[in-house]
J.: 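Structure provided below as structure tokens; questions to follow.
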Amino acid sequence: MGTFVVTGSASGMGAASAERLRAAGHRVIGVDLRSADVIADLGTPEGRRGAVREILERSGGVVDGVAAVAGVGPNLKDAAAVASINYFGPVALLDGLHQALERAEAPRVVVISSNSASTVPLIDDTLVELLLLAGDENASRERATKAQSVLPPTLSESSPSISAYATSKLALAHWVRRTATDPEWGRKGILVNAIAPGAVLTPLMTGSTSAAEELDPDSFPTPMPLGIFGEPRDIAFWVEQFLRPEARFTTGAVLYVDGGTDAAIRPDAQPTALRP
């Protein structure tokens, strides 16, 4: 049995993932703003450093896997905070735990992205570069706030940080693919994958939905081919699979767990041929 870190463990997909791992006999170190083993704000550099320090103390310096689930939704009014929490939070935490993962026999990482990264047409390419390439948190926060200020009024009311949300989740998926193939991770046996959930009934989603009728799959803003919403346990199932030692030949994957929404919107997007 191993020691696993789950961020966002107090509710939603994080709580379901922690519960599933504990049921399998693993030790779970939960990280959240409340009701967790490690109380930390991953939206701040100080909070991330404190979380890493306490996780290393509790784990004895060896971590078998990390499920970076913590995040905020597009309903948050502070777009700068969305960029910090959704991108810099997991990236800094995982960088801080790299050596602890390296000491494990079969280290695994799974990160929660979102199908919004490919289904929301409000990606800010400049913000992607600031997040992914420059790693400049202050500039990213400024850019996210600027992009928020020019949103149409209808979006500003219901999803004020939708651009920062979708963009941060896209940058996080790109980070996963780049990190998975980095020799400092891949050749050291640390597998890194992402899950891209769709409409899952969590506090994050219901907090993002302004009208009660939108909770009907058939009238939801995006296609719902299965006619149902996901539940936290649907994501927790795949979190556990990615963290298993047997998942030894899967890294750099982005798995859509969205009831077919991405497939409905982009039926020909994956796989795409490599062109000369």
Side-chain angles (χ1 to χ4, degrees), residues 1-9 13-14 16-31 42 48 51-52 55-56 58-71 86-115 117-118 131-132 135 168-197 234-258 262 270-271:
M1 296 296 100
T3 297
F4 293 91
V5 175
V6 178
T7 69
S9 61
M13 294 181 286
S17 299
E19 181 181 357
R20 188 175 182 98
L21 290 167
R22 290 190 179 104
H26 300 296
R27 179 191 179 197
V28 174
I29 301 174
V31 182
L42 299 181
R48 297 164 203 151
V52 168
I55 289 168
L56 293 177
R58 287 175 174 268
S59 66
V62 180
V63 172
D64 294 281
V66 179
V69 184
N86 285 359
Y87 182 81
F88 290 102
V91 168
L93 185 81
L94 290 167
D95 283 342
L97 296 178
H98 180 271
Q99 290 187 348
L101 286 161
E102 190 178 340
R103 296 186 188 104
E105 291 185 9
R108 306 283 186 261
V109 171
V110 60
V111 171
I112 300 299
S113 178
S114 169
N115 74 347
S118 60
L131 292 166
L132 187 63
S168 63
K169 291 297 190 178
L170 175 63
L172 190 58
H174 285 323
W175 179 86
V176 164
R177 290 178 65 80
R178 294 183 182 203
T179 301
T181 57
D182 184 330
E184 287 299 309
W185 293 75
R187 288 303 176 101
K188 293 185 177 180
I190 308 173
L191 277 58
V192 185
N193 293 288
I195 296 172
D234 298 317
I235 307 304
F237 170 82
W238 288 108
V239 166
E240 184 190 10
Q241 303 316 302
F242 275 128
L243 294 179
R244 291 171 62 88
E246 293 86 350
R248 58 178 294 275
F249 199 54
T250 303
T251 198
V254 179
L255 176 68
Y256 284 83
V257 185
D258 67 353
D262 181 73
Q270 296 181 344

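As a basis for the values below, the full set of heavy atoms in this structure was taken, side chains included, without hydrogen atoms, waters or symmetry mates.
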J.: Does atom CD of Gln241 have more than 12 heavy-atom neighbours from other groups under 6.0 Å away?
T.: yes
J.: Tell me, please, which residues at least two apart from Arg27 pass side-chain hydrogen bond (donor to acceptor under 3.5 Å, both in side chains).
T.: none
J.: Look up atom CZ in Arg103 and atom NE2 in His98, then write down how far apart they are to the nearest 0.5 Å.
T.: 11.0 Å
J.: Using the salt bridge (charged side-chain N to carboxylate O under 4.0 Å, His left out) criterion, which residues pair with Arg22? Sequence neighbours excluded.
T.: Asp37
J.: Among all residues two or more places apart in sequence or in another chain, which pass the ring pair (Phe, Tyr, Trp, His ring centres under 6.0 Å) test with Phe4?
T.: His26
J.: I would like to know whether Val110 and Val69 meet side chain to side chain contact (heavy atoms under 4.5 Å, CB included); could you show each step before the answer?
T.: CA-CA 8 Å; Val110 60; Val69 184; over 6 Å; no
J.: Taking all heavy atoms of Leu243 and all of Ala67, pick out the closest pair and write down the distance.
T.: CD1-CB, 4.3 Å
J.: According to side-chain hydrogen bond (donor to acceptor under 3.5 Å, both in side chains), who are the partners of Thr179, at least two apart in sequence or on a separate chain?
T.: Trp175
J.: With a 6.0 Å cut-off (strictly less than), is the heavy-atom count around CD of Gln99, excluding the residue itself, greater than 12?
T.: no
J.: Applying salt bridge (charged side-chain N to carboxylate O under 4.0 Å, His left out), can you list everything that pairs with Asp64, at least two apart in sequence or on another chain?
T.: none
J.: Could you work out, with salt bridge (charged side-chain N to carboxylate O under 4.0 Å, His left out) as the rule, every residue matching Arg48, not counting sequence neighbours?
T.: Glu137
J.: Considering all heavy atoms of both residues, which atom of Val52 and which atom of Gly96 are nearest to each other, and what is their separation?
T.: CG1-O, 3.6 Å
J.: Suppose we screen for side-chain hydrogen bond (donor to acceptor under 3.5 Å, both in side chains). Which residues come up paired with Asn193, at least two apart in sequence or across chains?
T.: none
J.: Search all heavy atoms of Val6 against all heavy atoms of Gly14 and return the closest pair with its distance.
T.: CG1-O, 3.5 Å
J.: Run Leu93 and Ile55 through side chain to side chain contact (heavy atoms under 4.5 Å, CB included) and show every step you take.
T.: CA-CA 10 Å; Leu93 185 81; Ile55 289 168; 4.0 Å; yes
J.: Should we count CZ of Arg248 as having more than 12 external heavy atoms under 6.0 Å?
T.: no
J.: From Leu21 CG over to Ile29 CD1, what is the distance, rounded to the nearest 0.5 angstrom?
T.: 12.0 Å
J.: Apply side chain to side chain contact (heavy atoms under 4.5 Å, CB included) to the pair Arg178 and Leu132, showing each step before the final yes or no.
T.: CA-CA 10 Å; Arg178 294 183 182 203; Leu132 187 63; 3.6 Å; yes
J.: Check side chain to side chain contact (heavy atoms under 4.5 Å, CB included) between Ala70 and all other residues, then give those that pass, not counting sequence neighbours.
T.: Thr7, Leu42
J.: Considering all heavy atoms of both residues, which atom of Val239 and which atom of Ser17 are nearest to each other, and what is their separation?
T.: CG2-OG, 3.6 Å
J.: Measure the CG-CD1 distance between Asp258 and Ile195 for me, rounded to the nearest 0.5 Å.
T.: 12.0 Å
J.: Within a strict 4.5 Å, meaning less than it, do heavy atoms of the Val257 and Phe237 side chains meet?
T.: no
J.: If you define the side chain from C-beta out and look only at heavy atoms, does anything of Thr251 sit under 4.5 Å from Thr181?
T.: no
J.: Salt bridge (charged side-chain N to carboxylate O under 4.0 Å, His left out): which pairs involve residues 234-244, sequence neighbours left out?
T.: Arg20-Glu240, Arg244-Glu246
J.: Which heavy atom of Ala173 sits nearest to which heavy atom of Ser113, and what is that distance?
T.: CB-OG, 3.8 Å
J.: Using the side-chain hydrogen bond (donor to acceptor under 3.5 Å, both in side chains) criterion, which residues pair with Ser114? Sequence neighbours excluded.
T.: Ser116, Tyr165
J.: For Asp262 and Ser118, work out which heavy atoms get closest and say how close.
T.: OD1-OG, 2.7 Å
J.: Could you list the residues that satisfy salt bridge (charged side-chain N to carboxylate O under 4.0 Å, His left out) with Arg177, not counting sequence neighbours?
T.: none
J.: Start with the C-alpha gap between Asn86 and Leu172, add the side-chain angles, then the distance that decides, and say whether side chain to side chain contact (heavy atoms under 4.5 Å, CB included) holds.
T.: CA-CA 8 Å; Asn86 285 359; Leu172 190 58; 5.9 Å; no
J.: Under 3.5 Å, which donor-acceptor pairs link side chains of residues 182-191 to any protein atom two or more places apart or in another chain?
T.:
unit_1 : atom_1 : unit_2 : atom_2 : d
Asp182 : OD1    : Glu184 : N      : 2.9
Glu184 : OE1    : Lys188 : NZ     : 2.8

